[in-house]
Amino acid sequence: GLTAPMTRLAGGDRDIEVPGQARKDEIGELARALQVFKDITVASHNTDWVKTQVAQMSGKLQGATTQSQFGETLMSGLTPQLGAGLGLFYQTQDDGSLLLTATWGFRERRDMPRRYQNGEGLVGQCAHQGHPIVLADVPADYLRIHSALGEAAPRTLILLPVKIKDA
């Protein structure tokens, strides 16, 4: 029946399954209406969560007094919120190059450049385009996420441009 899913949704459980939506009778109509209500509830919850996270991050970033502090604050807040295993922050320098200035969970590699030119590599390309880049199925030897218990290859790589408005 629909009573248990309705009760669970009313109690805040957004993972409910709504049975009977394919039925062609009044129960089917109620099930479809409950599914719409669930979808609205989930969307509202997600929107509220994002607004809360943005407000909290914005407050923390306003306390940063240097570019280095800004990068460290952004990485330490954003990386775990996204459920990412590591984060790297490159800042545009006066000469237009992008310099690695903050990391989260990253283990330094000698063969990895700390500076890219605008348009160079994925970091430079993301900055040049001003749009996110998402790569799925990252090769196992591309990069490693390290912890005291072991290491693993990331499955997805996401590059996001961050633009700061001048006051």
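Judged by distance alone, the side chain of Arg14 and the main-chain N or O of Gly12 form a donor-acceptor pair under 3.5 Å. Here the side chain of Ser76 pairs a donor or acceptor atom with the backbone of Thr73 at under 3.5 angstrom. Between the side chain of Gln93 and the backbone N or O of Gln91, at least one donor-acceptor pair lies under 3.5 Å. No donor-acceptor pair closer than 3.5 Å links the side chain of Lys60 to the backbone N or O of Gly77. For Asn118 (side chain) and Gly96 (main-chain N/O), no donor-acceptor pair under 3.5 Å exists by modelled atom type. With Thr103 contributing its side chain and Phe106 its backbone, the two residues share no donor-acceptor pair below 3.5 Å.
Interatomic distance, CZ of Arg8 versus OG1 of Thr3, reported as 13.0 Å (0.5 Å rounding). Here the CG atom belonging to Leu157 is positioned 9.0 Å from the CG atom belonging to Leu86, to the nearest 0.5 angstrom. The distance from the CG atom of Leu135 to the CG atom of Leu159 is 7.0 Å, given to the nearest 0.5 Å. Separation of atoms CZ (Arg115) and OG (Ser97) is listed at 3.5 Å; rounding is to 0.5 Å. The distance from atom CE of Met75 to atom OG1 of Thr79, rounded to the nearest 0.5 Å, is 4.5 Å.
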Verify side chain to side chain contact (heavy atoms under 4.5 Å, CB included) between Ile158 and Ile133, making sure each step is shown before the conclusion. CA-CA 6 Å; Ile158 302 172; Ile133 296 173; over 6 Å; no
Go through the steps to decide whether Leu34 and Leu30 satisfy the test side chain to side chain contact (heavy atoms under 4.5 Å, CB included), and finish with yes or no. CA-CA 6 Å; Leu34 181 58; Leu30 289 171; over 6 Å; no
I would like to know whether Leu9 and Thr7 meet side chain to side chain contact (heavy atoms under 4.5 Å, CB included); could you show each step before the answer? CA-CA 5 Å; Leu9 183 60; Thr7 303; over 6 Å; no
Side chain to side chain contact (heavy atoms under 4.5 Å, CB included) evaluation trace for Leu99 with Tyr90: CA-CA 5 Å; Leu99 181 65; Tyr90 290 84; 5.8 Å; no
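Across every non-hydrogen atom of Ala31 and Pro19, the tightest pair is CB-O, 3.3 Å. Listed here is the closest heavy atom pair of Cys126 and His131: SG-O, 3.4 Å. Heavy-atom minimum distance, Gly71 versus Phe89: CA-CD2, 3.5 Å. When all heavy atoms of Gly119 and Gln125 are compared, the pair lying nearest together is O-OE1, 3.5 Å. The minimum heavy-atom distance between Thr66 and Gln69, with the atom names listed, is OG1-N, 3.0 Å.
Residues Val162 and Trp104 are members of one and the same hydrophobic cluster, defined by side-chain heavy-atom contacts under 4.5 angstrom among Ile, Leu, Val, Met, Phe, Trp and Tyr. Residues Leu74 and Leu160 fall into different hydrophobic clusters, defined by Ile, Leu, Val, Met, Phe, Trp and Tyr side chains chained together at heavy-atom separations under 4.5 Å. When hydrophobic clusters are built by joining Ile, Leu, Val, Met, Phe, Trp and Tyr residues whose side-chain heavy atoms come closer than 4.5 Å, directly or via intermediates, Val18 is grouped together with Phe37.
Environment of CG in Asp137: sparse, with no more than 12 heavy atoms of neighbouring residues, nucleotides or ligands closer than 6.0 Å.
Evaluated for a side-chain hydrogen bond (donor to acceptor under 3.5 Å, both in side chains) with Gln21, the options Arg32, Glu29, Gln35 yield exactly one hit, Gln35.
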